[in-house]
2 protein chains.
Amino acid sequence: MTKEDLTNCYNRIRPCIHNTPILTSNLINKLVGAELYFKCENFQKAGAYKIRGATNAIMQLSKAQQLNGVVTHSSGNFAQALSLAAKNLNIKAYIVMPSNSPLVKKNAVLEYGGKVIKCEPTIEARQAAANQVETNTKATFIHPSNNPDIIIGQGTAGMELLKEHSNLDYIFCPIGGGGLIAGTALAASYFSDHCKVIGGEPIEADDAYRSLISGKIETNVTTNTIADGLRTQLGSHNFPIIKEHVKQIIRVTETEIIEAMQLIWERMKIIIEPSSAVAFAAVLKEKELFKDQKIGVIISGGNVDVNNLPF
Amino acid sequence: MTKEDLTNCYNRIRPCIHNTPILTSNLINKLVGAELYFKCENFQKAGAYKIRGATNAIMQLSKAQQLNGVVTHSSGNFAQALSLAAKNLNIKAYIVMPSNSPLVKKNAVLEYGGKVIKCEPTIEARQAAANQVETNTKATFIHPSNNPDIIIGQGTAGMELLKEHSNLDYIFCPIGGGGLIAGTALAASYFSDHCKVIGGEPIEADDAYRSLISGKIETNVTTNTIADGLRTQLGSHNFPIIKEHVKQIIRVTETEIIEAMQLIWERMKIIIEPSSAVAFAAVLKEKELFKDQKIGVIISGGNVDVNNLPF
């Protein structure tokens, strides 16, 4: 994936996405002792950056493939993003959702026009149900993170950030499946000569942290984290990019995630989801290392059940 | 108060305030059937529009008065605003706060350098404590809303809104003490040839609604509303302006306030306080009357205790 691929992708998906605002806060800058630039993908369509990759992946299909629609399994932001991206491009989206998905998420998918297929809440059942849909409908399976078209699409958020603030020293990203941080790392390598990308990861789902140490993909031992978007597993397409371009992953506790989330809510008056707070929690945890630096933080999404908050 | 007074006020306070963003939401426009422009004073310094009037009122004092500082009584946003405005202008602020004020607001006052004086939660006790401070310190009393310098300062939010969107048909404002809506009504009369200002008020604190009908200032029968910023009483300086320029006040229930607040949180991913939700709740309640209109909504503030939410 070259700089030209990323630029082409951006020009392709641009009419379907928001160029989200980049916010700053004097209070938070003072607290951290650095200059922070928050790329607010919580204001993105469907409430998260995922629509970038979803839109790109659909656009890269052939006309014949598009006619048959797309299928994915997801209980979270990618389910909504693929549904909306498909609706915007006038194609069908089949979304396999585990039977224990919250009703609010299922309703959001339905609202965006996705067709929901229920399955048992196990990874095997999800994949089997998606395979079944593929066979029955000839829809193309789109993985939420482990797919080059997804990775490059997600990289456009970091690209927008660096186009506006070319002198960033660091960009902090949350890591779940690895699509966002891999795309961001590519964007940083193409649009900055010195910006380093650092990952934030919950200790409770630290497959990427351990994978970077061992040099091969490790699996999560636990996924018992409030950052529901980060419970997923690193993939074969994004890990090599992460290994090449991401120098460091900082792990944070559940308390650190919740405190970081509350700080952003109270000080910046914006709603961010726990997964987004992980990147900021990583900055806070190691703030002594980043004194006076210019730091981008990707706020990945704002889809929170406000009836069920951790504070 | 002339158009020139308002423009002079704006130029005076400009270095001390944010020109806050105006946000839109396709989803909310579709839901309402109109074009809404949210003037986001929740992103204002100290989290609410109040810093505009507070800054102006302090700036209009003589040097001798400024030396002795300022005093006010406020349960909420004006307390923070006057503290921060005073700090920015390097003078002292004494804040009389009722003992039942939200903790998050008390802490913010202290953080901004205000000196807190506690009192019983009655209007009489608040005024008595403020008088006592005035006598002891020679500080100048600044009323949160019933003061011409405050009114014109608060009008600068509507002025910014109309300068960016000169074709608005309506601006919706919450009504508490009446400073914001009076200032907004003046701004609309100076910066638009047709924009009407409409008030949103909780049924549980509907003094302005009843005052507009009777033609004289009525007092609140109850103040049992979640919109803590709107429990205060209409004043003698702002009522004549409201009577002249505000055509209508729409009253909303507590449930309507909470639902409007949750809708903005979930759809727009921004944190607004219940008092701000009242203006939007009024639009929602009577949306059939405003089909296809261009409507400004002043989101007055975002100071919420996230540990104590109504949903």
Side-chain angles (χ1 to χ4, degrees), chain A residues 16-18 20-28 30-31 38 40-49 51 77 80 84 87-88 102 104-105 107-108 111-112 258-274 276-277 299-311, chain B residues 16-18 20-28 30-31 38 40-49 77 80 84 87-88 102-105 107-108 111-112 258-274 276-277 299-311:
Chain A
C16 298
I17 61 159
H18 290 315
T20 52
I22 297 163
L23 300 184
T24 60
S25 159
N26 291 338
L27 266 160
I28 286 181
K30 217 155 76 179
L31 196 78
F38 294 93
C40 288
E41 289 290 296
N42 52 332
F43 295 144
Q44 189 51 269
K45 292 186 183 195
Y49 72 92
I51 187 109
N77 287 336
Q80 299 181 45
L84 181 58
K87 187 185 174 191
N88 289 342
V104 59
K105 294 196 173 183
N107 286 342
E111 207 175 299
Y112 291 130
I258 293 167
E259 284 175 358
M261 179 169 154
Q262 183 164 348
L263 191 60
I264 297 254
W265 282 43
E266 289 183 344
R267 296 306 179 152
M268 297 186 66
K269 315 297 180 191
I270 62 173
I271 291 185
I272 69 167
E273 58 188 58
S276 302
I299 298 295
S300 50
N303 293 327
V304 180
D305 182 356
V306 300
N307 295 118
N308 187 17
L309 294 174
F311 37 71
Chain B
C16 298
I17 61 160
H18 290 314
T20 51
I22 296 162
L23 299 185
T24 61
S25 159
N26 291 338
L27 265 160
I28 286 181
K30 216 155 78 180
L31 196 79
F38 293 93
C40 287
E41 290 287 298
N42 53 332
F43 295 143
Q44 187 52 268
K45 293 188 183 193
Y49 71 93
N77 286 335
Q80 299 180 46
L84 181 57
K87 187 183 174 192
N88 289 343
L103 187 67
V104 64
K105 295 192 173 182
N107 287 342
E111 212 174 292
Y112 291 132
I258 293 167
E259 283 174 359
M261 179 169 154
Q262 185 164 350
L263 191 60
I264 298 253
W265 282 43
E266 288 182 345
R267 297 304 178 151
M268 297 185 65
K269 316 297 181 192
I270 61 173
I271 290 184
I272 69 167
E273 58 187 58
S276 302
I299 297 295
S300 49
N303 293 326
V304 180
D305 183 355
V306 301
N307 295 116
N308 186 19
L309 294 173
F311 37 72

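Values in this document were obtained by computation on a predicted structure and should not be read as measured data. In what follows, every chain begins at residue 1, and chains take the letters A, B, ... in the order their sequences are listed.
To the nearest 0.5 angstrom, B:Ile271 atom CD1 is 11.0 Å from A:Met268 atom CE. Rounded to the nearest 0.5 Å, atoms NZ (A:Lys269) and CD (B:Glu273) are 8.0 Å apart.
With sequence neighbours excluded, the residues satisfying side-chain contact (heavy atoms from CB on, under 4.5 Å) with B:Glu111 are A:Leu27, A:Arg267.
In terms of heavy-atom pairs under 4.5 angstrom with chain A, the leader among B:Pro21, B:Gly302, B:Gly47, B:Gly301 is B:Gly302.
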Could you pull out every donor-acceptor pair under 3.5 Å between side chains of residues 304-311 of chain B and any protein atom, sequence neighbours left out?
from, atom 1, to, atom 2, distance (Å)
B:Asp305, OD1, B:Asn307, N, 3.1
B:Asn307, OD1, A:Gln262, NE2, 3.3

